[in-house]
Amino acid sequence: MTPRDAADDNGSRWSDLDRPPLNAAALRRGLVREGGLWTGLEVTRRTGSTNNDLVARAVAGEAAEGAVLVAEEQTAARGRLDRRWTAPPRSGLFFSVLLRPAQVPVSRWGWLPLLTGVAVATGLSRAAGVDTALKWPNDLLVTVGGEERKAGGILAERAGEDGVVIGVGINVTLRAEELPVPQAGSLALAGAVGTDRDPLLRAVLRALEDWYGRWRTAGGDPAACGLQETYAAGCATLGRSVRAILPGEREIVGEAVAVDGDGRLVIATQEGVQEPVGAGDIVHLRPA
């Protein structure tokens, strides 16, 4: 991967003083080190999807584990269930990372998006000073005006036989008039004490390196490395009444009572049955 600064494509680095560009060289100096997870970091001004780009590079053998691809703007970003993710240029953090967890059984790779959620929440708490919560399986929630809003999302995709690309999108300075839907939010709207994206990205990637290292050392065992307990502690879905909309238009309504060892959400129905849900759309029915 050939490092490039976003300014290479955009003329002056300071064309928008309200939303300055990321400093790719400084980010590389702070994150890419011998023996560390992050092996390369590129910032590009504009692309369709960092996930698509990094998956293609991984499959072609052009990216090593620890490659990080960041975009100042994405024109075809996707969330879960192929939902579109839109945001103005430089208003957030939009990046993907390549992981190759060879030491971990594939059956435990489903924890990677949840692990990333814990890392994102940890990093943002430290660097932005804003309270965040996780909505199962991969949404980042903030509180804006007393209401729960989505400020970020995570998408994990296989990249060949041995790789996983994880994409993260976080609304940082999105203003109220720029929100794509009323349910969206941003760190700025949630009262973050800092919205400088450079330290935010460094904090998130350092937290991700830490949690990924623990999980990998434990062979992917979420209980042994503390991931399962930490995720449950920060999960806003647990203890609430939810509706799970499953593939095939099937629905389950009940109380979310646990996240099991496979990362599935366990829902206790009114019939007294506990059903684990591994994939689906979750709607919170009762306020926290």
Student: Rest of the hydrophobic cluster containing Ile245 (Ile/Leu/Val/Met/Phe/Trp/Tyr, side-chain heavy atoms under 4.5 Å)?
Tutor: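 Same cluster as Ile245: Val253, Val283, Leu285.
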Student: If you compare all heavy atoms of Ala244 against all heavy atoms of Val277, which two are closest, and at what distance to 0.1 Å?
Tutor: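 Smallest interatomic distance, heavy atoms only, reads CB-CG2, 4.4 Å.
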Student: Give the C-alpha distance, both sets of side-chain angles, the deciding distance and a yes or no for salt bridge (charged side-chain N to carboxylate O under 4.0 Å, His left out) between Arg216 and Glu209.
Tutor: CA-CA 10 Å; Arg216 190 170 52 180; Glu209 180 176 15; over 6 Å; no
Student: Could you tell me whether a side-chain N or O of Arg158 sits under 3.5 Å from a main-chain N or O of Val55, the two making a donor and an acceptor?
Tutor: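 Answer holds: no.
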Student: To check you understand the geometry: which heavy-atom pair defines the closest contact between Leu174 and Pro180, and what is its length?
Tutor: CD2-CD, 4.0 Å
Student: Between Leu246 and Ala279, what is the shortest heavy-atom contact and its length?
Tutor: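 Nearest pair, atom of Leu246 first, then Ala279: CD2-O, 3.5 Å.
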Student: Compile the donor-acceptor pairs under 3.5 Å between side chains in residues 114-135 and protein atoms, sequence neighbours left out, one pair per line.
Tutor:
from   : atom 1 : to     : atom 2 : distance (Å)
Thr116 : OG1    : Leu112 : O      : 2.8
Thr122 : OG1    : Val118 : O      : 2.7
Lys135 : NZ     : Ile282 : O      : 2.7

Student: About how many Å separate CD of Glu73 and CZ of Arg45, when rounded to the nearest 0.5 Å?
Tutor: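 Reported to 0.5 Å precision, the distance equals 7.0 Å.
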Student: Hey, could you give me the CH2/NE2 distance between Trp136 and His284, rounded to the nearest 0.5 Å?
Tutor: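 Nearest 0.5 Å value for the CH2-NE2 distance: 10.5 Å.
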Student: What's the separation between atom CZ in Arg206 and atom CG in Leu31, rounded to the nearest 0.5 Å?
Tutor: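 Between atom CZ of Arg206 and atom CG of Leu31 there are 5.5 Å.
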Student: Of all the heavy-atom pairs spanning Glu72 and Pro21, show the shortest one and how long it is.
Tutor: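 Distance-wise, the nearest heavy atoms are OE2-CA, 3.3 Å.
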Student: So, the side chain of Glu178 versus the backbone of Arg175: is there a donor-acceptor pair under 3.5 Å, distance only?
Tutor: yes
Student: State plainly whether one hydrophobic cluster holds both Val204 and Trp211, where clusters connect Ile, Leu, Val, Met, Phe, Trp and Tyr through side-chain heavy atoms under 4.5 angstrom apart.
Tutor: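 They do share one cluster, since a chain of ILVMFWY contacts under 4.5 Å joins Val204 to Trp211.
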Student: When you compare the side chain of Leu205 with that of Val68, does any pair of heavy atoms fall below 4.5 Å?
Tutor: yes
Student: Working to the nearest 0.5 Å, report the span between CG of Leu265 and SG of Cys235.
Tutor: 7.0 Å
Student: Apply side chain to side chain contact (heavy atoms under 4.5 Å, CB included) to residues Leu69 and Thr47 and explain how you reach the verdict.
Tutor: CA-CA 10 Å; Leu69 179 60; Thr47 190; 5.7 Å; no
Student: Given the rule in the side chain to side chain contact (heavy atoms under 4.5 Å, CB included) test, do Trp111 and Gln228 qualify, once you have shown the distances and angles that lead to the verdict?
Tutor: CA-CA 9 Å; Trp111 271 97; Gln228 187 173 3; 3.9 Å; yes
Student: Checking the side chain of Ser91 only, and the main-chain atoms of Ala87 only, is there a donor and an acceptor separated by less than 3.5 Å?
Tutor: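 Not a single qualifying donor-acceptor pair exists.
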Student: Please enumerate all residues that pass salt bridge (Lys or Arg N to Asp or Glu O under 4.0 Å) together with Glu255, with sequence neighbours excluded.
Tutor: none
Student: Suppose we screen for salt bridge (Lys or Arg N to Asp or Glu O under 4.0 Å). Which residues come up paired with Glu251, at least two apart in sequence or across chains?
Tutor: Arg243
Student: Scan the side chains in residues 92-108 for donor-acceptor partners under 3.5 Å anywhere in the protein, sequence neighbours excluded, and list what turns up.
Tutor:
from   : atom 1 : to     : atom 2 : distance (Å)
Ser96  : OG     : Thr50  : OG1    : 2.7
Ser96  : OG     : Asn51  : N      : 3.1
Ser96  : OG     : Asn51  : OD1    : 2.5
Arg100 : NH1    : Asp162 : OD1    : 2.8
Arg100 : NH2    : Ala63  : O      : 3.1
Arg108 : NH1    : Gly219 : O      : 2.9

Student: Mind checking side-chain contact (heavy atoms from CB on, under 4.5 Å) for Ala56 and listing every partner two or more places apart, or none if nothing turns up?
Tutor: none
Student: Please identify each residue that fulfils salt bridge (Lys or Arg N to Asp or Glu O under 4.0 Å) with Asp196, with sequence neighbours left out.
Tutor: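 Asp196 satisfies salt bridge (Lys or Arg N to Asp or Glu O under 4.0 Å) with no residue once adjacent residues are dropped.
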Student: Got a donor-acceptor contact below 3.5 angstrom from the Asn138 side chain to the Ile154 backbone?
Tutor: yes
Student: Got a donor-acceptor contact below 3.5 angstrom from the Trp38 side chain to the Arg33 backbone?
Tutor: no
Student: Give the C-alpha distance, both sets of side-chain angles, the deciding distance and a yes or no for side chain to side chain contact (heavy atoms under 4.5 Å, CB included) between Lys150 and Gln183.
Tutor: CA-CA 6 Å; Lys150 177 180 175 178; Gln183 298 80 18; 5.9 Å; no
Student: Taking only residues two or more places apart in sequence or in another chain, which ones pass side chain to side chain donor-acceptor pair (under 3.5 Å) with Asp198?
Tutor: none
Student: Taking atom OG of Ser49 and atom CD of Glu157, what is their separation to the nearest 0.5 Å?
Tutor: 7.0 Å
Student: Can Asp210 and Arg214 be counted as an ion pair, charged N to O under 4.0 angstrom?
Tutor: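 Salt bridge flag = yes for Arg214 with Asp210.
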Student: Consider side-chain contact (heavy atoms from CB on, under 4.5 Å). Of Ile267, Val266, Asp262, which one does Arg264 pass it with?
Tutor: Asp262
Student: Only counting residues at least two apart or in another chain, list the ones meeting side-chain contact (heavy atoms from CB on, under 4.5 Å) with Thr195.
Tutor: Val172, Thr173, Ala188, Ala192
Student: To check you understand the geometry: which heavy-atom pair defines the closest contact between Val43 and Ala24, and what is its length?
Tutor: CG2-CB, 3.7 Å
Student: To check you understand the geometry: which heavy-atom pair defines the closest contact between Gly153 and Asp139, and what is its length?
Tutor: CA-OD1, 4.3 Å
Student: Tell me every residue that passes side-chain contact (heavy atoms from CB on, under 4.5 Å) with Ala224, counting only those two or more places apart in sequence or in another chain.
Tutor: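 Ala224 satisfies side-chain contact (heavy atoms from CB on, under 4.5 Å) with Ala218, Asp221 once adjacent residues are dropped.
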Student: Listed by chain and number, what are the side-chain contact (heavy atoms from CB on, under 4.5 Å) partners of Ala156, not counting sequence neighbours?
Tutor: Pro113, Val164, Ile166
Student: Looking only at atom types and distance, does a side-chain atom of Ser186 sit under 3.5 Å from a main-chain N or O of Leu189, one as donor and one as acceptor?
Tutor: yes
Student: Test of understanding: clusters of I, L, V, M, F, W, Y form through side-chain heavy atoms closer than 4.5 Å, transitively. Do Leu141 and Tyr231 belong to the same one?
Tutor: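 Leu141 does not cluster with Tyr231.
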Student: Tell me, please, which residues at least two apart from Arg202 pass salt bridge (Lys or Arg N to Asp or Glu O under 4.0 Å).
Tutor: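 Checked Arg202 against salt bridge (Lys or Arg N to Asp or Glu O under 4.0 Å); zero matches.
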Student: Where do Leu187 and Ile170 land on the side chain to side chain contact (heavy atoms under 4.5 Å, CB included) test, with the steps shown first?
Tutor: CA-CA 8 Å; Leu187 302 184; Ile170 304 166; 4.3 Å; yes
Student: Would you say that more than 12 heavy atoms from the other residues, nucleotides or ligands in this model lie under 6.0 Å from the CD of Glu177, or not?
Tutor: yes
Student: State the CZ-CD distance between Arg57 and Glu62, to the nearest 0.5 angstrom.
Tutor: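 Between Arg57 CZ and Glu62 CD, I get 7.5 Å after rounding to 0.5 Å.
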